[in-house]
S.K.: 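If you scroll down you'll find the structure; I have some questions about it.
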Amino acid sequence: MFKSSRIDQVCINTIRTLSMDAVQKAKSGHPGTPMGLAPVAYILWSRFLKHNPHNPEWINRDRFILSAGHASMLLYSLLYLTGYKVFLDDLKNFRQLDSTTPGHPEVDLTPGVETTTGPLGQGFANGIGMAIAQKYIAANFNKPDVNLIDYKIYGIVSDGDLMEGVSSEAASLAGHLKLGNIIYIYDNNSVTIEGSTNLSISENILKRFEAYGWHVLSVEDGNDLESVYNAIDQAQNEIDKPSLVSIKTVIGYGSPNKQGTSKCHGSPLGEEEVILAKNSLGWIKPDEKFYVPQEALDNIINSLIKGKSEEDKWIKKYQEYKDKYPEEYKAFEIFINKNIPDNLLASMPEFKPGEQMSTRVASGIILNALANNLPALIGGSADLAPSNNTFLTNYSSFQQNNYAGRNIHFGVREFAMSAICTGMALSNCLIPYCATFMVFSDYMRNAIRMAALMKKQVIYIFTHDSIALGEDGATHQPIEHLAALRSIPDLIVIRPSDAEEVKYAYKVALESTTNPTALILSRQKLPVIDRNNFNSASNLENGAYIISDSSKESPDIIVMASGSEVSLILEAQKALLNNNIDARIVAFPSWELFEKQSDSYKESVLPVSIKKRLVVETGCQQGWEKYIGLEGSSITINHFGKSAPGYVLLEKFGFTVQNIVEKAKELIN
């Protein structure tokens, strides 16, 4: 039974006035959405959200996602008023350099922020990943008499969120999987930056979500606290479907001249309008900026007490779990800490020198071997698992009737797949992977960027990495994609040359707990390089290494390549020598790893004194200039491909020993 009190309205208006003042002081921001949503968010946080501000990392806390990240002052006000380490001075420093209250929420920067949001639709999809993580952990560790992991995923999504295609992709999958641990509140205020939403959308959004398999509820007045409470309560009781609660709000509520319009969406109200709005709300001290009444401050104490009590109850449950199920408890402890086995490499298969094997096939073999020792490893493909070699053969599929499965069928939904994996990684328990053809990494780019920005461990498996994929033609042959991925800060991109390098690429990916990693893999077969004759594949961890050196102290030329072209330049080394050119051959699987090495190591591989350099890579040249220098050259491809067998295209576009020799001669002569 819901009963509102005077303090509820005081806290709601405190959220509104703090949001107005912070945006006004910053001279930028979005005041309207926090003003309209304040009652809804306050009821959710004060009556439903299970969390402990003393411990923002408590594993069984409910997750709250502000997918409409532009409304960040709503979240910062809530965090402040519930006792997180977000203080009044932080609100006054909104959007300023090095503050903990940036323009859009950023995880790991502000205590209590669960995911970085701003690009609309991605928070929505992140939440689906969080829900999958909860279902997977619960299915593997909960017991009939000890429900250890039972948190829910709450979110606030906007009209803009639901226009973005990524939210549609994610909503479709969530409905299929019957993720009843999701409750999203749709801020149905019918306003975007350009004006009314009827300028660009006329569909029945609620019917669309019903078609996806969601439980849909509506509230006609976001200021009706009882109706808001009852709708969220009803959503909580629906456990077989994700819930969308549509709540009609008024953007900029309280602003006499701007409420209900786009004028208060993305810019300050103005000093005079702020005072008028405060008077309209019956605010206690309209002329005082950042005023917080004592009743609202008392709410902080109450929230802290309630939060600690919630976690204390769970700690008792965890002790009960430990006492009743000691083996499962040990496994759970290992699981939540993502412990990587010390003998990681020992668990991987051996590959025979000279064996012909594509790196995508090697990846599949290694992935399956790793899965047996890493229960946190879970993922899937965008309907390409047989081609990407990403299906874990000893494990079942994650489905609505089997949340313990480890193979996720994302469907043809690349953008949602990558954003969902970020959400899974945000559990800080799982190591998610996702896969598709490399050319479709374009669909995923912004989600990859967000994972890198958040420094979350996601493994992207991109196969069919070049024109050598062949007959599918230019539409499927990546050209600019390596350069595009390499340009994303904090993303580690690795293009291994053979099956042995793939092992070390996975080692890097699993040990890189604060970076996402992209593995770039071939469709065509490549020889497993004989490491008795060439330097060890373990050198992959250095990013670039001398795989075969010249016989002279100072080589005539350095020839470097990544991936499938490494075996080609090794073959070319012999032909070069027959032409009196003594070449140093450098395998260059990862720019990012190489840049982490010491200056002395870099100099040992690429001495400044050796100016004649040639790079060979079946992608565009962009970015290689740094390593080629002014006197170097490249055999790359800076145009789209064609449909033909892979080996025909490689010859057509100059990826041959003969062309390498000719290019080297041109450089030296």
Side-chain angles (χ1 to χ4, degrees), residues 11 14-23 25-26 28-31 33-34 37-38 41-42 44-46 49-59 61-120 122-124 126-127 129-130 151 153-158 161 290 292 296-297 299-300 303-304 307 311 419 422-423 425-428 449-456 489-490 514:
C11 289
T14 302
I15 293 168
R16 286 170 167 152
T17 57
L18 287 174
S19 298
M20 284 188 264
D21 285 340
V23 172
K25 185 175 186 295
S28 73
H30 302 74
T33 304
L37 270 173
Y42 173 76
L44 175 61
W45 276 61
S46 64
L49 197 68
K50 179 182 67 180
H51 63 121
N52 182 9
H54 279 299
N55 181 15
E57 301 301 318
W58 172 33
I59 191 172
R61 69 191 183 280
D62 290 335
R63 272 61 168 176
F64 173 78
I65 300 163
L66 185 65
S67 191
H70 55 274
S72 55
M73 266 310 303
L74 173 72
L75 179 52
Y76 300 148
S77 299
L78 287 163
L79 293 169
Y80 164 61
L81 291 174
T82 51
Y84 285 84
K85 290 185 177 179
V86 175
F87 306 106
L88 196 59
D89 282 346
D90 296 318
L91 305 189
K92 293 177 180 178
N93 209 24
F94 178 55
R95 285 182 163 232
Q96 303 310 299
L97 182 64
D98 295 330
S99 76
T100 57
T101 49
H104 292 80
E106 295 184 32
V107 71
D108 297 331
L109 177 63
T110 312
V113 171
E114 298 286 0
T115 182
T116 300
T117 54
L120 291 174
Q122 284 207 62
F124 185 111
N126 291 164
M130 292 178 185
Y151 59 84
I153 316 300
Y154 295 96
I156 289 179
V157 303
S158 64
D161 278 300
F290 295 97
V292 182
L297 292 173
N299 188 66
I300 297 174
S303 176
L304 288 169
E311 186 172 1
T422 304
L426 284 159
S427 71
N428 293 325
R449 181 182 187 274
M450 293 297 284
L453 177 61
M454 291 188 242
K455 299 187 182 301
K456 293 304 166 188
D490 296 319
T514 57

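In this text the structure is predicted, and so the values were computed from the model without any measurement.
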S.K.: Measuring from Ser99:OG to Lys92:NZ, what's the distance to the nearest 0.5 Å?
M.R.: 14.5 Å
S.K.: For the residue pair Tyr84 and His51, is the inter-centroid distance of their aromatic rings smaller than 6.0 Å?
M.R.: yes
S.K.: Identify the heavy atoms of Leu79 and Gly112 that sit nearest to each other, and give their distance.
M.R.: CD2-CA, 3.8 Å
S.K.: Please name the pair of heavy atoms, one in Ala419 and one in Asn126, separated by the smallest distance, quoted to 0.1 Å.
M.R.: O-ND2, 2.9 Å
S.K.: Would a distance-only check, ignoring hydrogens and angles, find a side-chain to backbone donor-acceptor pair under 3.5 Å from Gln96 to Phe94?
M.R.: yes
S.K.: What are the two closest heavy atoms between Pro53 and Leu304, and how far apart are they?
M.R.: CB-CD2, 3.6 Å
S.K.: Using every non-hydrogen atom in the two residues, find where Val23 and Pro31 come nearest and quote the distance to one decimal.
M.R.: CG1-CD, 3.9 Å
S.K.: Taking Asp21 for its side chain and Leu18 for its backbone only, find out whether a donor-acceptor pair lies under 3.5 Å.
M.R.: no
S.K.: If we ignore hydrogens and angles and just use 3.5 Å, is the side chain of Asp161 paired with the main-chain N or O of Ser158 as donor and acceptor?
M.R.: yes
S.K.: Hey, are the side chains of Tyr154 and Asp62 touching, using non-hydrogen atoms and a 4.5 Å cut-off?
M.R.: yes
S.K.: Do Arg95 and His104 come close enough that some side-chain heavy atom pair is under 4.5 Å?
M.R.: yes
S.K.: So do Thr82 and Leu49 actually touch side chain to side chain, heavy atoms under 4.5 Å?
M.R.: no
S.K.: Check whether any side-chain heavy atom of Glu311 sits under 4.5 Å from a side-chain heavy atom of His54, and report yes or no.
M.R.: no
S.K.: With respect to Lys456, which candidate in Thr115, Asp108, Thr514 satisfies the side chain to side chain donor-acceptor pair (under 3.5 Å) definition?
M.R.: Asp108
S.K.: When you measure from the side chain of Ser303 to the backbone of Gly83, do you find a donor-acceptor pair of N or O atoms at a distance under 3.5 Å?
M.R.: no
S.K.: Between the side chain of Asn299 and the main-chain N/O of Leu81, is any donor-acceptor distance below 3.5 Å?
M.R.: yes
S.K.: What's the spacing between Thr101 OG1 and Asp90 CG if we round to 0.5 Å?
M.R.: 5.5 Å
S.K.: Which distance, rounded to the nearest 0.5 Å, do you find between the CG of Leu88 and the CZ of Phe290?
M.R.: 7.0 Å
S.K.: Would you please test Leu120 and His70 for side-chain contact (heavy atoms from CB on, under 4.5 Å) and show each step?
M.R.: CA-CA 9 Å; Leu120 291 174; His70 55 274; 4.1 Å; yes
S.K.: In Å, rounded to the nearest 0.5 Å, how long is the span from OG1 of Thr14 to CG of Leu78?
M.R.: 11.0 Å
S.K.: Please check if the side chain of Thr116 supplies one atom and the backbone of Met454 the other of a donor-acceptor pair under 3.5 Å.
M.R.: no
S.K.: Quick one: does Phe64's side chain get under 4.5 Å of Leu44's, heavy atoms only?
M.R.: yes
S.K.: Specify the closest pair of heavy atoms between Thr422 and Ala451, including all atoms of both residues, with the distance to one decimal.
M.R.: OG1-CB, 3.6 Å
S.K.: Is the shortest side-chain heavy-atom distance between Tyr42 and Arg16 below 4.5 Å?
M.R.: no
S.K.: To the nearest 0.5 Å, what is the distance between CD (Glu114) and CG (Leu426)?
M.R.: 8.0 Å
S.K.: Is a donor on one side and an acceptor on the other found under 3.5 Å between the side chain of Ser67 and the backbone of Phe124?
M.R.: yes
S.K.: Distance check, rounded to the nearest 0.5 Å: Ile65 atom CD1 versus Ile153 atom CD1?
M.R.: 6.0 Å
S.K.: Just wondering, are more than 12 heavy atoms of other shown residues or ligands nearer than 6.0 Å to CZ in Arg61?
M.R.: yes
S.K.: As a quick check of understanding, evaluate side-chain contact (heavy atoms from CB on, under 4.5 Å) for Lys85 and Thr100, giving each step before the final call.
M.R.: CA-CA 10 Å; Lys85 290 185 177 179; Thr100 57; over 6 Å; no
S.K.: Identify the heavy atoms of Val86 and Pro111 that sit nearest to each other, and give their distance.
M.R.: CG2-O, 4.1 Å
S.K.: Kindly indicate whether the side chain of Leu75, heavy atoms from C-beta on, has any atom under 4.5 Å from the side chain of Trp45.
M.R.: yes
S.K.: A side-chain contact here means heavy atoms from C-beta on lying under 4.5 Å apart; do Pro102 and Thr110 qualify?
M.R.: yes
